[in-house]
There are 2 protein chains.
Amino acid sequence: MTEKAGTMNATAADRGREARRRLLEAAAELIAERGWAAVSTRMLAERAGVAPGVVHYHFSSVQALLTEAALAVMHDLVEQAGAGMERAHMPGEALGLMIDFLTAYDGRDPVSLLFAETYLAAGRDEDLRRSLGEVVTDFRRALAGRLAEHQVPAPDATAAVLAAAIDGIMLHRALGPGPDATDLTAVLRRLVAPTEPGPPATEQGDTP
Amino acid sequence: MTEKAGTMNATAADRGREARRRLLEAAAELIAERGWAAVSTRMLAERAGVAPGVVHYHFSSVQALLTEAALAVMHDLVEQAGAGMERAHMPGEALGLMIDFLTAYDGRDPVSLLFAETYLAAGRDEDLRRSLGEVVTDFRRALAGRLAEHQVPAPDATAAVLAAAIDGIMLHRALGPGPDATDLTAVLRRLVAPTEPGPPATEQGDTP
DNA sequence: GATCGTATTGGACGATTGCCCAAACTAGCA
DNA sequence: TGCTAGTTTGGGCAATCGTCCAATACGATC
């Protein structure tokens, strides 16, 4: 067993974990390149530089491999984004972070495509949907908490719209140029501006 | 030839067009249900109630069938949305139309899924990407024109963000409940309100 | 009747799919 | 030098894939 590490399985177990890691890496790449449903066992093996049989040795199925790989990438990114927001001290900064995302991920990069592919795959896989839902909820909660500190009204709904807008913009940008990122920034700023012209920044009830 | 219509090909050609139409219909359904890459020739034939060979008689390839079906649905929807905005006379109404979309398409319905699947498939098919880009651009242009009439600043960027937010919200809602639609509406209203984000009811120019 | 054009049928084709497995390999330990 | 446990190998398996095509059906025209 691996729990008895240190005895005899030094290089063997290490090589095994390395192969597993490379398979996860290859899966993340191929999901973005070919699409979730088009990733095959042999494709993964070739990209990872292992024999085809290794895939089903380390993972119960191709679906399981794809799921674990996608969730790992997304979890890492959300955690990284959360840490970034932790350092933001002004609402403009928090939004600036969003803008950084917009410039870093243009909708056709591997990360954006992995996100979108996983969203869709989640609609056809119960376990994946639940796990992915947690990731998105975590991100929204972190963002909403940050917005609330900066007196942005309706922080929950604002965070949801902001997160959705980011994803949607990435999706649309994959299709063509569209408006400039700085122009989009100015528009998004309307969402997080606690007070612009006259009214105070207090939490005003949105109930009519 | 078909240009000599009225001669002999009355019922034969009609049955052919009916089969073609049903194949397009089946394609739109199956893209949403199974995902773009998972739709197969025999699947399409069975759903449309025709023999497998008919697929490649009416279409040059499965890809071509999927592309034509997806573009037809999206083009229809955009046209319908454009007509709806044509009837809107107030910015609140135009936004209300967006909200109707949010309630009608919850991110897991066939139309939403078809949109998302087509977005991703476009990233791997040059022709599809170009055609889809035109559809999205048309929609954004119509929306921007409407926003400009209502003195919304930066109408182009606003339209882009608004359209992206709609798509993103649908995408996120597929994963779980999230905030209520009416709460999201209130937040989206900040985007199109040139004056204040508060009371919607009538269009009162408070502080420009 | 014969002839023609279009639409349909059902299967053949090679390629590829996910998954499986007996055998070979690699080390640490006695 | 066995022994054992974890890993890798390479191919086999049945199923499905997209595409193609000869044969057939059928109504319109002669």
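Lettering follows sequence order; numbering is per chain, from 1.
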Nearest-angstrom distance from the residue atom CD of A:E18 to P of D:dG6: 20 Å
Of residues 56-63 of chain B, the positions that come close to DNA chain D - non-hydrogen atoms, cut-off under 4.0 Å: B:H56, B:S61, B:V62
Side chain to side chain contact (heavy atoms under 4.5 Å, CB included) evaluation trace for A:L120 with A:W36: CA-CA 9 Å; A:L120 289 177; A:W36 189 283; over 6 Å; no
Side-chain heavy atoms of A:D180 within contact of A:D183, under 4.5 Å: yes
Rounded interatomic separation in angstrom, taking CZ from B:R15 and C1' from C:dG5: 13 Å
CA sep, side-chain torsions, deciding dist, call: A:M170, A:R108, side chain to side chain contact (heavy atoms under 4.5 Å, CB included): CA-CA 8 Å; A:M170 293 200 304; A:R108 297 186 66 172; over 6 Å; no
Proximal nucleotide (of D:dT9, D:dC17, C:dT17) relative to the B:R42 side chain: D:dC17
Phosphate OP1/OP2 of D:dG18 contacted by B:T41 side-chain N/O (<4.0 Å): yes
side-chain hydrogen bond (donor to acceptor under 3.5 Å, both in side chains) assessment of B:R173 paired with B:S112: CA-CA 10 Å; B:R173 283 219 279 175; B:S112 303; over 6 Å; no
Atom-pair distance (CD on A:E46; P on C:dG18), nearest Å: 14 Å
Separation of C:dA7 C1' from B:R21 CZ (nearest whole Å): 17 Å
Distance, rounded to the nearest Å, where B:M43 contributes CE and D:dT19 contributes P: 14 Å
B:H58/B:R17 under side chain to side chain contact (heavy atoms under 4.5 Å, CB included): CA gap, chis, key distance, verdict: CA-CA 9 Å; B:H58 287 290; B:R17 296 203 306 196; over 6 Å; no
Touch class at under 4.0 angstrom, heavy-atom based, for A:S40 against every strand present: sugar-phosphate
Whole angstrom value for the distance that separates P of C:dC19 from CG of A:L23: 14 Å
Atom-pair distance (CZ on A:R20; P on D:dG6), nearest Å: 15 Å
Student check: side-chain heavy atoms of B:D127 and B:R130 closer than 4.5 Å: yes
Listed nucleotide nearest any side-chain atom of B:V54, set C:dT9, D:dT9, D:dT8: C:dT9
Interatomic distance where CG belongs to B:L66 and P belongs to D:dC17 [whole Å]: 13 Å
Rounded distance [0.5 Å steps], OG1 in A:T118 versus CG in A:L66: 9.0 Å
